Each structure stands twice: as C-alpha cells, then as structure tokens.
Amino acid sequence: MTTTETIDVPAAGTYRMDAEASSLTFTTTHLFGLAPVRGTFALREGVVRVGEPAESSTVSATIAADSFTTSSSARDKVVASKQYLDAARHPDITYAADGVEHDESGWVLRGALTVRGRTESLPVRVDAVRARDERLELRGSAEVDRYAWGVTAMKGMTGRRLRFTLSLVAVREPQQ
C-alpha cells in the first residue's frame, strides 16, 4: 500500500509538460531475475488538464519508444528493435488518463497505456503533487507487466515487470 506524501490540488487549467525538467525512470531485472536493471525513457510531450472537481482531471503523455536507455547500449538496441518495442513501426508510447480517483491508499490516475499499437489499462499512483505559482510538479508510480502488451521476448532472461517512477513538471498555460 502506498501512502501519498503531499497532494496540493493545483488551480484548474491546462498545464504543458516541461520535457527537460521531467523524467521517466524504471527498474526491472534480467538474468532470470537475479540482476537489477535501471533505466530511463524520454518524455516527448504531455498535458495535464486540472478540472473542477479535481476528479475530472485528465492527463496525456507521449514517450519516445526508441529512447529506452540503460547501462548497456547493446541491450538498448535490442529493446528498441522489432523483438521488443518495435520503435521503427511504433515510435510513440502513449498514456491517457480520463480521471483521477481517491481510494483507501491515495490518489490514482485511471488511464491506458499504448505500446506497439496495443492499449491496456494502467493505473498510475499519484505519490505527490505540488502546485507553485504557475508550475505543477507531480510524482507518480506504476508497475507494467510487459506481457499484457504482447512484449514477451526472452521470457526468463528479461524481467516481466517494470516499475516506473514519473517526475513531471508542467507549466500552466495562460487562460484565454
């Protein structure tokens, strides 16, 4: 069970992600689950629309599929290849949430992740939100079972689950 640290409900409006200040990191395993792997993906763009009430807020984000980066360039090339992400045919990984819910353990974005053209539900736990002036900082986490998206290469050798941490920084657009 995850406990939320700090949730500041920001002012309603549209917030554009600052890709340079945001990050998407992950951990998984390889070698039959014995060795840890840490890495990143590049966030290409994202929008947070804070609604009134906050539960009607939406989030959309685009991740560059070929930006998978770990400590091994050989592994990174294989993961971007047709065998895993097929980044040449599917350059974008997308996430879209159409609401946020509060449950016994905190706030959760209810959305869907699309990988290799396949869309599956993916709840994202909202661990922290800080609103400062026109700036929104959000930290979230999720666990992805790659098999759910049909990414099943190298069973046993490559970790099945990836644990993601999102650190998103977004700036509020001027109201029109």
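Computed from a predicted model, the values in this text were never measured in an experiment.
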Minimal non-hydrogen separation, [X] against [Y], with atom names:
{"X": "Thr28", "Y": "Gly159", "answer": "OG1-CA, 3.7 Å"}
{"X": "Ser56", "Y": "Gly51", "answer": "OG-CA, 3.6 Å"}
{"X": "Ala88", "Y": "Pro91", "answer": "O-CD, 4.3 Å"}
{"X": "Ala65", "Y": "His90", "answer": "CB-O, 3.4 Å"}
{"X": "Ala42", "Y": "Ser67", "answer": "N-OG, 2.7 Å"}

Check for me, please, whether [X] and [Y] land in the same ILVMFWY cluster - side-chain distances under 4.5 Å, paths through other members count.
{"X": "Leu138", "Y": "Val171", "result": "no"}
{"X": "Val9", "Y": "Val126", "result": "no"}
{"X": "Val108", "Y": "Phe164", "result": "no"}
{"X": "Ile7", "Y": "Leu136", "result": "yes"}
{"X": "Val78", "Y": "Val144", "result": "yes"}

Hey, what do you get for [atom1] ([X]) to [atom2] ([Y]), rounding to the nearest 0.5 Å?
{"X": "Arg161", "Y": "Arg146", "atom1": "CZ", "atom2": "CZ", "value": "10.5 Å"}
{"X": "Arg163", "Y": "Arg38", "atom1": "CZ", "atom2": "CZ", "value": "11.0 Å"}
{"X": "Leu43", "Y": "Thr40", "atom1": "CG", "atom2": "OG1", "value": "9.5 Å"}
{"X": "Tyr15", "Y": "Glu134", "atom1": "OH", "atom2": "CD", "value": "6.5 Å"}

Next on the checklist: I'd like to know if the side chain of Ser22 and the backbone of Val169 have a donor-acceptor N/O pair within less than 3.5 Å.
Outcome noted: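 The answer is yes, because a donor-acceptor pair under 3.5 Å joins these two groups.
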
Checklist entry - Between Thr114 (side chain) and Thr119 (backbone), is there a donor-acceptor pair under 3.5 Å? => result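 Answer holds: no.
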
Checklist entry - Does a salt bridge link Arg130 with Asp8, judged by any charged N lying under 4.0 Å from a carboxylate O? => result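 Salt bridge: no.
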
Next on the checklist: Regarding Asp98 and Arg110, does a basic nitrogen lie under 4.0 Å from an acidic carboxylate oxygen?
Outcome noted: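 Result for this pair is no, no salt bridge flagged.
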
Checklist entry - Step by step, would you call Lys155 with Tyr147 a side chain to side chain contact (heavy atoms under 4.5 Å, CB included)? => result CA-CA 9 Å; Lys155 290 183 176 182; Tyr147 293 7; 3.1 Å; yes

Taking atom types as modelled, find out whether [X] and [Y] have a side-chain donor-acceptor pair closer than 3.5 angstrom.
{"X": "Thr158", "Y": "Tyr84", "answer": "yes"}
{"X": "Ser105", "Y": "Arg125", "answer": "yes"}
{"X": "Arg75", "Y": "Thr70", "answer": "yes"}

Next on the checklist: Show, in sequence, the C-alpha distance, side-chain angles and deciding distance for Phe41 and Ile93, and conclude whether the side chain to side chain contact (heavy atoms under 4.5 Å, CB included) test is met.
Outcome noted: CA-CA 10 Å; Phe41 276 97; Ile93 297 170; 4.0 Å; yes

Next on the checklist: Does atom CD (Glu143) have a neighbourhood of more than 12 heavy atoms from anything else shown, all under 6.0 Å?
Outcome noted: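 Enclosed.
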
Item to check | Atom CG of Asp103: over 12 foreign heavy atoms under 6.0 Å | outcome: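 Check passes, neighbour count above 12.
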
Close side-chain approach of [X] to [Y], heavy-atom, < 4.5 Å:
{"X": "Trp149", "Y": "Leu113", "answer": "yes"}
{"X": "Leu85", "Y": "Val115", "answer": "yes"}
{"X": "Arg172", "Y": "Arg135", "answer": "no"}
{"X": "Arg132", "Y": "Glu137", "answer": "yes"}
{"X": "Arg139", "Y": "Leu166", "answer": "no"}
{"X": "Thr27", "Y": "Leu162", "answer": "no"}
{"X": "Leu122", "Y": "Glu120", "answer": "no"}
{"X": "Ser60", "Y": "Tyr95", "answer": "no"}

Next on the checklist: For Thr69 and Asp76: C-alpha separation, side-chain torsions, deciding distance, then whether side-chain hydrogen bond (donor to acceptor under 3.5 Å, both in side chains) applies.
Outcome noted: CA-CA 6 Å; Thr69 305; Asp76 300 349; 4.8 Å; no

Next on the checklist: Between Phe68 and Phe26 (judged by ring centroids, cut-off 6.0 Å), do the two rings come close enough to count as a pair?
Outcome noted: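 Yes, the ring of Phe68 comes within the 6.0 Å limit of the ring of Phe26, centre to centre.
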
Next on the checklist: So, applying side-chain contact (heavy atoms from CB on, under 4.5 Å) with Trp107, which one of Val129, Val100, Asp127 is it?
Outcome noted: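 Testing each of Val129, Val100, Asp127 against Trp107, the sole residue satisfying side-chain contact (heavy atoms from CB on, under 4.5 Å) is Val100.
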
Checklist entry - Passes salt bridge (Lys or Arg N to Asp or Glu O under 4.0 Å), Arg116 versus Asp86? Steps please. => result CA-CA 7 Å; Arg116 292 175 48 145; Asp86 198 3; 5.4 Å; no

